[in-house]
Amino acid sequence: MDYVIEMNNIRKEFPGIVANDNITLQVKQGEIHALLGENGAGKSTLMNVLFGLYQPEKGEIKVRGEKVEITDPNVANDLGIGMVHQHFMLIDKFTVTENIILGNEPTKFGNIDLRKAEKDVAEISEMYGLQVDPRAKIEDISVGMQQRVEILKTLYRGAEILIFDEPTAVLTPQEINELMEIMKKLINEGKSIILITHKLKEILAVCDQCTVIRRGKGIGTVNVKETNQNELAAMMVGREISFAVEKTVAKPKDPVLKIENLVVRDARDVKAVNDLNLEIRAGEILGIAGVDGNGQTELIESIVGLQKSESGKITIDGKDITNLSPRKVTESGLGHIPQDRHKHGLVLDFSVGENILLQTYYRQPYSKNGVLFYPKMYEKAKELIEEYDVRTPSERTLARALSGGNQQKAIIAREVDRSPNLLIAAQPTRGLDVGAIEFIHKKLVEERDKGRAVLLISFELDEIRNVSDRIAVIYEGKIVAIVDPKDTTEQELGLLMAGGKQEKAGESN
Amino acid sequence: MKLIKDTAVKLAIPLIAIFFGFFAGAIIMLASGNNPIAGYAALIDGVIGDAYVFGETLRMMTPLIFSGIAVAFAFRTGLLNIGVEGQLIVGWLASVVVGIVFDLPMVIHLPLAILAGAIAGGIWGFLPGILKARFQVHEVIVTIMLNYVALHVSNHVIRNYMLASGQRTDFISPTASLTSDFLAGLTDFSRMHWGFFLAIAACVIMWFILWKTTKGYELRAAGFNPNASSYAGMNVKTNIVLSMVISGAFAGIGGAMEGLGTYGFIQILSSFTNLGFDGIAVALLGGSTSIGIFLAAFLFGGLKIGAANMQAGANVAPELVEIVIALIIFFVASSYLIRLILNRLQSKKEGK
Amino acid sequence: MDIISILNLIIPTAIFAATPLIFTALGGLFSERAGVVNIGLEGLMVMGAFSGIVFTLLFESLGFGAASPWVALVMAMLIGAIFSLFHAVASITFRADQIVSGVALNFLAVGLTVFLTREIFGRGQTDYISERIFRENILFLSDIPVVGNWFFSNIYPTSIVSLVFVLVVWYVVFKTPFGLRLRSVGEHPMAADTMGIKVNRMKYIAVMLSGALGGIGGAVYAITTSANFSGGTIAGQGFMALAALIFGKWNPLGVLGAALFFGFAQSLSLSAQQIPALANVPQVYLLIAPYVLTILALAGFVGKAEGPKAIGKAYEKGSR
Amino acid sequence: GQADDNEVETPADTGDTGEEVEDGEGTAEDTGDFVAKMVTDEGGVDDLSFNQSAWEGLKQFGEDFGVEVDYQQSSDASDYAPNLNRLARDPETSIAFAIGFLMEDDIRSVAQQHTDKQFAIVDTVVTDDDDNTIPNIANITFAEHQGSFLVGVVAGLQTETDHVGFIGGVESGLIKKFENGFKAGVKAVNPDATVSVQYAQSFNDAATGQSIANTFYSNGADIIYHASGGTGNGVFSEAINRARNGENVWVIGVDRDQHEEGEWADGNVTLTSMVKRVDQAVYQVSQMTMEGNFPGGEILEFELADHGVGIAESTENVSEEILSAVDEWTQRILDGEFEVPQTDEEFEEFEI
Ligand SMILES: Nc1ncnc2c1ncn2[C@@H]1O[C@H](COP(=O)(O)OP(=O)(O)OP(=O)(O)O)[C@@H](O)[C@H]1O
Ligand SMILES: Nc1ncnc2c1ncn2[C@@H]1O[C@H](COP(=O)(O)OP(=O)(O)OP(=O)(O)O)[C@@H](O)[C@H]1O
Ligand SMILES: [Mg+2]
Ligand SMILES: [Mg+2]
């Protein structure tokens, strides 16, 4: 067998934890090799070892059959290993070209030869079909294009072996499809790929082999052609996972959220939400499907009170909340799981307990006349930690120290426990493993069954289709269609999201 | 078990840093031909040698505690207040003005004068706060600029409206004075005054506001993550302004301590008092905690008072003390180094 | 007095007052662009002023003649760079809080220089230098009518050097691979690391450059203006340089503008008493004018100053 | 106000005081026990100014009489009180000098607390609440206006542009004496000359000093008298720059002979200096005290007649005629022909 990469018996420790315990990973030339495992299983760590960011305590690495010491990313680059990181390694204020050439700049008389650089970038992007604008700044381009820049970075350095760490977690369905195409193209060009993803469907779609790890230990490698979703999930979690969201038929009651002719302008003064109308009833989950950038963020922020709307009216349970402050809106019965948990959801340097009380600290019994009662707060936090199965050493542990899934659970505990009549969940499962996803979906359905209205926003069509009772498709700031998930296919949804008309979608059926 | 060890390490770090600082100071003394033992003996003698110097040390601590708290409070809420110096000066001026101009019974006059200091300092903190909240102007520049404005404006007011003799204003009326014959008697005529106890109270108040009130919780949250705070319904802009106002008010009271306690007047300042800048060091050395600030102020105040005796008793230039202070701050800041050493020692012990 | 002669008075003074600020703020630019906050600029200037004077005196006595202050400038640059290692080691290697470390640097500089002054001169201030840097007319350029008068005649060569430095720094930071890497380290050190850039080495270089330029800034001030050194020679200029850096939005040309603005406001306030129209304005308004104008400018039209993204944080491999 | 009736009667040069010991009333045992100490202000004993001058006088006194002398350095204003107190409580100290008017309030309280001790202060008069002098403080003042008048005469005669300048440090009653004396001197000999006046509002801002000097010179002044401490360094820098370009500009120094400051490769821009003989004053008061004539409660004004103020020795840039004019004016002052103005009001009324 010709392995391009052999990682044998790798051990990597962090203070107090063994992230990789005797893991072996063997990747063949020209294959897409999946790496699967729960949050915190040690996948990123293993790949960072391969890329030279971490040094393993034990084990050996062979590249193309030769034993190597990868002491830093430069060595990895020289060996033809490139990595697209889970959290993008891009510099927002730099242009695409600058990001790509960084550390490897073509020069002319001592200064950067930007013209040559841009030409080189255009050439490579042409070759692999990775559309980018070489002069655009990273902060101005879409996440999908950012990802292509990441890939270009590795190719620019002549990488033959590419590591993708959860590349699809932040992409829209369209972008995911494009990425899959690109990966296939890369394989055809003779490259080899290691792909980390939590989405089993993706593994089944493009991968050849799949290595599963659990809690830092290697569980085994399977041939993707000979396996299925359930088997993979079981290997990864160590138990059976149900993928279908179990729920009964919704029994919607009175409308909770009513949005009429809403107009919101974004930072660039464009009407991001343009005359939008929407209604959600108690006891139903309404999913909003749409390609990123069609007004979802502005819609949520204007409901929540973080952004002023230009015109239109928003009511919760008949109460006008248009342009009220976030605090007033929350008190009118809104719960909100924000899409970026680190930026908007948590104060990472606060304890888990303090984070759980982030919306209610000012109320009795946690405080009175402006004085806080910490014992009461922590008592409550402990209760919720138990109830929502937040895995944390204690309620006083800093939120920073929790895994993404558990951070998300803490947020959900906070938002759901206040029994809001309206719960907005934005990308609630992004980057989480299937176990955590299962838990969160269950919670959303439970809330629905308690008679709450749930607004779900997600770029994952599967999630939208599985969880929602109704799906509203948003396009250019308007709701262009409302469909029933049961009799709408993924293709139809995709078409609607791309601006196609509902009738057409129906016709094509 | 682990918790106990963590606390022990936390306590050990400043102590080790202080030791390193003094050790380095000893080496410098040796290198410059002085006797470090005599030098430090004189230093210690100059801090706790008798009631007078001890009283002076406590007197020196008083404004340092306030300026330390002012810096720490802003720091806790994510703001860097370099303007404590200016806030302290206007607070000093305002308290003295009230102390001179009004004729009131002490129970009203003294609190009013202190309040005047707090308000003036608060206003001086409000400006950078509102500019940051409304226009995103970097608070560091504004506070630096306002220091100079405070200095010139205060000198202008003194020179044109309040000049009594030489370079200073009149004395404040006794009803606004913090001086205490009792404390002075206790400490052999030192200038220690009631303000010291106000400073202790301020430590408690800062701790209480930050850790025991909903406002403090909001302020800290906004300091760590303004985005998440506004998502959680807190008004981040108001909190920025409030934090700067409170910080400035603490600084202003620190100035009132000088005006109502130590001096009883304000003079034309030919340069900054440095009390505000020292506050940055006090706050950071004290880890922005109340107890830490108190202890750091003691160390600073003591070293400053003791420095003179070092020169008198052992002929060591007083600047040595500044070097030692700087090195202590370095070592505290480099706690990573100390942790590394401690870990090394620990694992060696375990290895055996 | 007509407007031209007022400007004749103010502009050269503004340039002169701005020069030390320009050098020092350019130093701060390197360090902060690489993600290391430098509140220690004040201390670096102190160190530079001290070295500038001490070495001028030394070289004078060694018979270097008119070259003495220039050689001393170079020495001040070196000493500044070496002294800045304190900040670098503490904040980069030992992950000290950069603000704390900068504050400590300021304390240390004043303590150390005055202590050394006492050791060397037996008193709290140095002797006066007699070889100085003098104002000169710049060949040809000074003959340009009006403008030549303002910018090129009777100007300190150090001011011209500072202008050249602005252009050089601009070029280095924005046009060379070194500059790109420097900025990447300040924006996203982990990204830079994955691209094979030695993050901490870049930071060290940047901090040392800030020490070198801060040293020059302090030395220029001491050699052209105060002519000796004492504990009070540098009193706040470093903080003004920091303000110029932020005001100038971490851009060399911005820094130049900001420093000139400070200089202009200051020299206007000093000259105002000699200008009939302004002679009756109470002095306090003129004294605070530079600072108030700066604040107004920031609030009014300059607006948000956003620094390098990863500024203030020590880089640990693998942390997020 | 200043009282002139307590003038010192025995002006002596430090050189010939050795004799007087033998003549003096003090016995050998007395002198053996006598200890004179001083507290410097922030400048320190080596400030090239009046602290240094005071210390030189004290040292000379110590050498001449074989008695112990010492000093205490203050690093900032809050050190004055502890330093004075340290001397006051030291049983050995026979007389404690406070150098500088900034210590006025501190010496008052320390002296009132230690009534058995002997104190002296330079540059001001310390009074109690009822405006009476304090019995155990000797007040040493100088007639700076007289000395400034003489340099004003020099400037008025020397100027070729009929335009001279005065740069003050921080504006205060004391510096006003320099200003008004100078202006009066210029007016006396050259009534048509313009005198530009500006205060830097700092004693330690050479850049501002240079900028103001630049403005003055650019506007046609050719001689600048400065009374501004370290700020004056910038005045010298500016003058040297211009002198090198062939301009005929001068600086008049202050407090001591500032010849050194004006030196450059091809010349010297120091025209002359107004010196204030603090050393003389300290020496004489020490001697009086040792001899049992402690001038407690008295106001000693060291003036032209006592050689307490005057023109510096370095006058090589001043012509013979001008020097003889100075002598003439000196005599007229000594003869009491007119009073040199000290305040703005007195200057307004000054006619000659
Ligand atoms: N820099 C670090 N310092 C300390 N511990 C770390 C560090 N990075 C990772 N770990 C720990 O190592 C373990 C493995 O983390 P890793 O990031 O490899 O997980 P992962 O499999 O990539 O998870 P995910 O699916 O969430 O991306 C975790 O338990 C984590 O706590
Ligand atoms: N420097 C660190 N110190 C301690 N733990 C760390 C550190 N860096 C990462 N971790 C831990 O690594 C684990 C997983 O890390 P990973 O990068 O995979 O994040 P995650 O759980 O996937 O979250 P997300 O992808 O949503 O950011 C978490 O437990 C996290 O707290
Ligand atoms: Mg990962
Ligand atoms: Mg993850």
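Quick caveat: nothing in here was measured; it's all calculated off a predicted structure. Naming: A, B, ... by sequence-line order, numbering from 1 per chain.
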Please look at [X] and chain C and tell me whether the side chain, the backbone, both or neither of the residue comes under 4.5 angstrom of a heavy atom of that chain.
{"X": "B/Asp278", "result": "both"}
{"X": "B/Ser32", "result": "both"}
{"X": "B/Val140", "result": "side chain"}

Once you round to the nearest 0.5 Å, how far does [atom1] of [X] lie from [atom2] of [Y]?
{"X": "B/Leu337", "Y": "C/Thr93", "atom1": "CG", "atom2": "OG1", "answer": "10.0 Å"}
{"X": "B/Phe272", "Y": "C/Phe239", "atom1": "CZ", "atom2": "CZ", "answer": "9.5 Å"}
{"X": "C/Leu296", "Y": "B/Met145", "atom1": "CG", "atom2": "CE", "answer": "12.0 Å"}
{"X": "B/Leu131", "Y": "C/Ile295", "atom1": "CG", "atom2": "CD1", "answer": "7.0 Å"}

Handout entry: B/Tyr148 side chain near C/Met240 side chain, heavy-atom distance below 4.5 Å
Key =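 Counting from C-beta outward, B/Tyr148 and C/Met240 do come under 4.5 Å.
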Exercise for the section: Show your working on side chain to side chain contact (heavy atoms under 4.5 Å, CB included) between B/Leu327 and C/Phe86 and close with a plain yes or no. Expected result: CA-CA 10 Å; B/Leu327 291 175; C/Phe86 259 104; 4.2 Å; yes
Problem - Other residues, nucleotides, ligands: >12 heavy atoms within 6.0 Å of B/Asn274 CG - result: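 It does: B/Asn274 CG has more than 12 such atoms within range.
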Problem - Members of residues 78-90 of chain B whose heavy atoms come closer than 4.5 Å to chain C - result: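 Heavy-atom contacts from residues 78-90 of chain B to chain C are B/Leu80, B/Ile82.
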Exercise for the section: Provide the closest heavy-atom pair for C/Tyr291 versus B/Val149 in the form atom of the first, atom of the second, distance. Expected result: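 It is CB-CG2, 3.7 Å.
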Exercise for the section: Search all heavy atoms of B/His152 against all heavy atoms of C/Val284 and return the closest pair with its distance. Expected result: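 Looks like O-CG2, 3.7 Å.
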Problem - C/Tyr285 portion near chain B, given a 4.5 angstrom heavy-atom threshold - result: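 Looking at C/Tyr285, nothing touches chain B.
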Handout entry: Contacting region of C/Ala235 [heavy-atom separation from chain B under 4.5 Å]
Key =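 Only the backbone of C/Ala235 comes within 4.5 Å of chain B.
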Exercise for the section: Output the option from B/Leu146, B/Leu320, B/Ile325 having the highest count of non-hydrogen pairs under 4.5 Å with chain C. Expected result: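 Most pairs with chain C among the choices: B/Leu320.
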Problem - Any residue of residues 94-115 of chain C which, by heavy atoms, sits under 4.5 Å from chain B - result: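 Residues in range: C/Phe94, C/Arg95, C/Ala96, C/Asp97, C/Ile99, C/Val100, C/Ser101, C/Val103, C/Ala104, C/Leu105, C/Phe107, C/Leu108, C/Val110, C/Gly111, C/Leu112, C/Val114, C/Phe115.
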